[in-house]
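Basis for what follows: all heavy atoms, side chains included, without hydrogens, waters or symmetry-related copies. If you're wondering where the values come from, they're calculated on a predicted model, not measured in any experiment.
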Amino acid sequence: MVFSLLAAVLIGLALRENLNFFYPPSKIVAGDVPAGATIRAGGGVVARSVRLSESELAAIVVINDGIADLTVSYQGILPDLFKAGEAAIAIGQLDNSIVLSNQVRGQHGANYPPHNGAEALHK
(Lines give C-alpha, C1' and ligand atoms only; values in the text may rest on other atoms or scores of the structure.)
Protein backbone atom coordinates (compact mmCIF):
# COMPACT_ATOMS: atom_id res chain seq x y z
CA MET A 1 0.00 0.00 0.00
CA VAL A 2 2.79 2.41 0.85
CA PHE A 3 4.51 1.89 -2.51
CA SER A 4 1.21 2.33 -4.38
CA LEU A 5 0.50 5.56 -2.53
CA LEU A 6 4.02 6.85 -3.17
CA ALA A 7 3.73 5.98 -6.88
CA ALA A 8 0.37 7.77 -7.12
CA VAL A 9 1.78 10.90 -5.47
CA LEU A 10 4.83 10.94 -7.77
CA ILE A 11 2.66 10.48 -10.86
CA GLY A 12 0.35 13.28 -9.71
CA LEU A 13 3.29 15.65 -9.19
CA ALA A 14 4.75 14.81 -12.61
CA LEU A 15 1.42 15.40 -14.35
CA ARG A 16 0.81 18.66 -12.48
CA GLU A 17 3.96 20.20 -13.96
CA ASN A 18 2.72 19.45 -17.49
CA LEU A 19 -0.79 20.92 -17.15
CA ASN A 20 -1.77 23.93 -19.26
CA PHE A 21 -4.71 25.89 -17.91
CA PHE A 22 -7.03 27.84 -20.22
CA TYR A 23 -7.52 31.55 -19.53
CA PRO A 24 -9.55 34.14 -21.49
CA PRO A 25 -7.82 37.49 -22.17
CA SER A 26 -9.90 39.28 -19.49
CA LYS A 27 -8.54 36.99 -16.74
CA ILE A 28 -4.97 37.37 -17.99
CA VAL A 29 -5.18 41.17 -18.17
CA ALA A 30 -6.74 41.23 -14.66
CA GLY A 31 -3.69 39.34 -13.31
CA ASP A 32 -5.45 36.07 -12.47
CA VAL A 33 -2.64 33.97 -13.97
CA PRO A 34 -0.03 32.18 -11.87
CA ALA A 35 3.49 33.52 -12.43
CA GLY A 36 5.73 31.36 -14.59
CA ALA A 37 2.98 28.90 -15.55
CA THR A 38 2.43 27.68 -19.10
CA ILE A 39 -1.07 28.76 -20.08
CA ARG A 40 -3.55 28.54 -22.93
CA ALA A 41 -4.94 31.92 -23.88
CA GLY A 42 -8.02 31.78 -26.06
CA GLY A 43 -10.19 34.30 -27.82
CA GLY A 44 -11.13 35.72 -31.19
CA VAL A 45 -8.45 37.17 -33.45
CA VAL A 46 -9.03 40.93 -33.70
CA ALA A 47 -9.45 42.26 -37.26
CA ARG A 48 -6.30 43.80 -38.78
CA SER A 49 -4.23 42.83 -35.72
CA VAL A 50 -2.00 40.18 -37.31
CA ARG A 51 1.48 41.65 -37.84
CA LEU A 52 3.99 39.41 -39.60
CA SER A 53 7.71 40.06 -39.31
CA GLU A 54 9.49 40.70 -42.60
CA SER A 55 12.87 39.45 -41.40
CA GLU A 56 11.95 36.27 -39.51
CA LEU A 57 9.15 33.76 -38.97
CA ALA A 58 7.35 35.65 -36.24
CA ALA A 59 3.99 37.28 -35.68
CA ILE A 60 2.30 39.62 -33.23
CA VAL A 61 -1.46 39.06 -32.87
CA VAL A 62 -4.19 40.51 -30.67
CA ILE A 63 -6.94 38.23 -29.35
CA ASN A 64 -10.10 39.34 -27.56
CA ASP A 65 -12.81 37.69 -25.48
CA GLY A 66 -15.29 40.54 -25.79
CA ILE A 67 -13.98 42.16 -22.60
CA ALA A 68 -10.23 42.66 -22.99
CA ASP A 69 -7.51 42.59 -25.65
CA LEU A 70 -4.38 40.46 -25.23
CA THR A 71 -1.22 40.60 -27.32
CA VAL A 72 0.38 37.32 -28.38
CA SER A 73 3.92 37.05 -29.73
CA TYR A 74 4.55 33.88 -31.74
CA GLN A 75 7.71 32.50 -33.34
CA GLY A 76 6.87 30.33 -36.35
CA ILE A 77 4.44 30.01 -39.24
CA LEU A 78 0.82 30.75 -38.37
CA PRO A 79 -1.63 27.94 -39.23
CA ASP A 80 -3.97 28.46 -42.21
CA LEU A 81 -7.01 28.59 -39.91
CA PHE A 82 -5.48 31.44 -37.90
CA LYS A 83 -7.20 34.53 -39.27
CA ALA A 84 -9.17 37.57 -38.17
CA GLY A 85 -12.60 36.92 -36.75
CA GLU A 86 -11.90 33.27 -35.95
CA ALA A 87 -11.25 31.65 -32.59
CA ALA A 88 -7.63 30.98 -31.65
CA ILE A 89 -5.64 29.48 -28.80
CA ALA A 90 -2.07 30.47 -27.94
CA ILE A 91 0.01 28.28 -25.65
CA GLY A 92 2.92 29.90 -23.84
CA GLN A 93 4.00 32.01 -20.88
CA LEU A 94 3.01 35.49 -19.81
CA ASP A 95 5.68 38.21 -19.88
CA ASN A 96 4.66 41.84 -19.15
CA SER A 97 1.06 41.39 -20.35
CA ILE A 98 2.19 39.64 -23.57
CA VAL A 99 1.84 35.91 -24.10
CA LEU A 100 5.09 34.54 -25.51
CA SER A 101 3.65 31.64 -27.42
CA ASN A 102 5.43 28.56 -28.68
CA GLN A 103 2.28 27.11 -30.23
CA VAL A 104 -0.91 28.58 -31.73
CA ARG A 105 -4.06 26.91 -32.97
CA GLY A 106 -6.81 28.37 -35.10
CA GLN A 107 -10.41 27.24 -35.34
CA HIS A 108 -13.16 27.82 -37.83
CA GLY A 109 -16.91 27.77 -37.65
CA ALA A 110 -18.53 24.37 -38.03
CA ASN A 111 -21.22 25.48 -40.48
CA TYR A 112 -21.39 22.79 -43.12
CA PRO A 113 -24.82 22.94 -44.75
CA PRO A 114 -25.63 20.23 -47.29
CA HIS A 115 -25.07 21.19 -50.93
CA ASN A 116 -28.79 21.65 -51.62
CA GLY A 117 -29.21 23.50 -48.33
CA ALA A 118 -26.55 26.07 -49.26
CA GLU A 119 -28.37 26.85 -52.52
CA ALA A 120 -31.65 27.27 -50.64
CA LEU A 121 -30.03 29.67 -48.19
CA HIS A 122 -28.75 31.88 -51.04
CA LYS A 123 -32.24 32.06 -52.59
Side-chain angles (χ1 to χ4, degrees):
M1 287 297 266
V2 172
F3 290 118
S4 296
L5 180 62
L6 181 62
V9 168
L10 291 175
I11 289 171
L13 289 174
L15 290 175
R16 185 174 182 207
E17 291 179 7
N18 293 322
L19 289 178
N20 295 331
F21 295 102
F22 177 84
Y23 292 94
S26 57
K27 293 261 186 197
I28 296 170
V29 170
D32 296 341
V33 177
T38 299
I39 61 170
R40 292 180 185 202
V45 178
V46 175
R48 297 180 303 279
S49 73
V50 179
R51 305 277 188 254
L52 301 175
S53 172
E54 294 181 12
S55 61
E56 58 184 329
L57 293 176
I60 302 286
V61 179
V62 177
I63 59 174
N64 183 297
D65 64 352
I67 300 171
D69 288 342
L70 177 68
T71 302
V72 175
S73 173
Y74 174 66
Q75 296 289 324
I77 300 172
L78 291 173
D80 290 338
L81 294 176
F82 200 90
K83 52 187 156 187
E86 299 294 340
I89 296 174
I91 302 169
Q93 296 195 350
L94 189 62
D95 182 30
N96 294 327
S97 299
I98 296 175
V99 174
L100 303 177
S101 178
N102 55 11
Q103 185 178 16
V104 294
R105 298 178 182 158
Q107 297 179 329
H108 61 83
N111 298 327
Y112 298 106
H115 181 63
N116 293 342
E119 290 177 9
L121 285 175
H122 289 293
K123 289 181 183 178

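- Between the CG atom of Asp95 and the OG1 atom of Thr71 there is a distance of 12.0 Å, given to the nearest 0.5 Å.
- Pro79 is listed as a side-chain neighbour of Val104, based on a closest heavy-atom distance under 4.5 Å.
- Considering Val62, Ile60, Val72, Asn64 as possible partners of Ser49, the one that fulfils the side-chain contact (heavy atoms from CB on, under 4.5 Å) test is Val62.
- Closest of all the heavy-atom pairs between Ala90 and Ser101 is CB-OG, 3.8 Å.
- A distance of 11.0 Å separates OG in Ser73 from CG in Asn102, rounded to the nearest 0.5 Å.
- Expressed to the nearest 0.5 Å, how far CD1 of Ile28 lies from CD1 of Ile39 amounts to 4.0 Å.
- The one candidate from Asp65, Asp32, Ile67, Leu70 that meets the side-chain contact (heavy atoms from CB on, under 4.5 Å) condition with Lys27 is Asp32.
- With values rounded to the nearest 0.5 angstrom, Asp69 atom CG is found 12.0 Å from Ser97 atom OG.
- Under the 4.5 Å side-chain heavy-atom criterion for Ile, Leu, Val, Met, Phe, Trp and Tyr, Val50 and Tyr74 are members of the same hydrophobic cluster.
- Other residues, nucleotides and ligands contribute only 12 or fewer heavy atoms inside 6.0 Å of the CD1 atom of Ile77.
- Annotation for Lys83 and Val45: closest pair O-CB, 3.5 Å, computed over non-hydrogen atoms.
- Between Ala84 and Arg48, the shortest heavy-atom distance links the atoms CB-N, 4.4 Å.
- There is a path of hydrophobic side-chain contacts, each under 4.5 Å, that joins Tyr23 to Leu94.
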Worked check of side-chain contact (heavy atoms from CB on, under 4.5 Å) between Ile91 and Arg105: CA-CA 8 Å; Ile91 302 169; Arg105 298 178 182 158; 4.0 Å; yes
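- Summarising the geometry of Gly43 relative to Ile63, their closest heavy-atom pair is N-CD1, 4.1 Å, with the distance given to 0.1 Å.
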Step-by-step side-chain contact (heavy atoms from CB on, under 4.5 Å) determination, Leu52 to Leu78: CA-CA 9 Å; Leu52 301 175; Leu78 291 173; 3.9 Å; yes
